[in-house]
Structures are given as C-alpha cells and as structure tokens.
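Below is one structure, written out as structure tokens, with a few remarks after it.
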Amino acid sequence: MILEHEQRHLQAYMDNLARVEKVVRDALNKRFDAKPLYAPSGTAMSALEHEISSKWFPFIRDEFDKGKDKQALIDTPEEYARMGKVCNGEVAATILKRLNKQK
C-alpha cells in the first residue's frame, strides 16, 4: 500500500515534468527563435547569465510548483488515516517511535 501511494506521487511528478518540459520548450523557442543572441562586444555571456538567473530559473521553478496541487490531492487526511492502518498500525507506530527519538 505504501509503494502504491508513493507510485501515485511519482506519476503525478512525471505528468507534471512532461507538462513543464513542453511549456519551457515552447517559451524558449518563442524567445530565441533559433537565432543568435546579439549583444555589445563582451557582454553577451553576462547578459545571457542574467536572463537565465532572473527570468528562466524563476519561470521554470514556478512551472514546477504548479504540480504541488496534484501532490497535495494525494496526501489527504483520509489517505493518511488509511495509510496509518497499514500492517495493523505497525508502520505508523514505527514512524512515531523514530520521530520521538529525534526529539
């Protein structure tokens, strides 16, 4: 049951990854249109680095974050209650013991 639960998370992640790949590819193709990047002599690399860090990294991060809603739908209180009963509650008890040891 735990593996099945985690496989649902993995599938949601993979679905989101495919969506992000398409969105980012389309945006990059639109931005660069398979043309060279022109900039004043000696500034192209720093201009590109600035664009990547200020625009593209946040854009990609925000697209990945859109997948968090589907992950949250997997981790409902009902699902945690169901998972807490796995193996007659032994899994939940083991996790609780480990958490108490960390304190």
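We're numbering straight along the sequence, starting at 1. Note that the structure is a prediction, hence the values are computed from the model and not measured.
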Heavy-atom count check: over 12 atoms from other residues, nucleotides or ligands less than 6.0 Å from [X] [atom1]?
{"X": "Asn88", "atom1": "CG", "value": "no"}
{"X": "Met1", "atom1": "CE", "value": "yes"}
{"X": "Arg98", "atom1": "CZ", "value": "no"}
{"X": "Tyr38", "atom1": "OH", "value": "no"}

Check whether [X] and [Y] end up in the same hydrophobic cluster, where Ile, Leu, Val, Met, Phe, Trp and Tyr are linked by side-chain heavy atoms less than 4.5 Å apart.
{"X": "Leu73", "Y": "Val20", "value": "no"}
{"X": "Leu37", "Y": "Leu28", "value": "yes"}
{"X": "Ile2", "Y": "Leu10", "value": "no"}
{"X": "Met83", "Y": "Ile74", "value": "no"}
{"X": "Met45", "Y": "Phe57", "value": "no"}

salt_bridge(Lys30, Asp26) N-O dist < 4.0 Å: no
Does any N or O in the side chain of Ser53 come within less than 3.5 Å of the main-chain N or O of His50, such that one atom is a donor and the other an acceptor? yes
Give a yes or no on whether the backbone of Phe64 and the side-chain of Asn16 come within a donor-acceptor separation of less than 3.5 Å. yes
When rounded to the nearest 0.5 angstrom, what is the spacing between CZ in Arg8 and CD in Glu79? 5.0 Å
Heavy-atom pair of closest approach, residues Ala39 and Ala44: CB-CA, 3.7 Å
With a 4.5 Å limit on heavy-atom distance, are the side chains of Asp75 and His9 in contact? yes
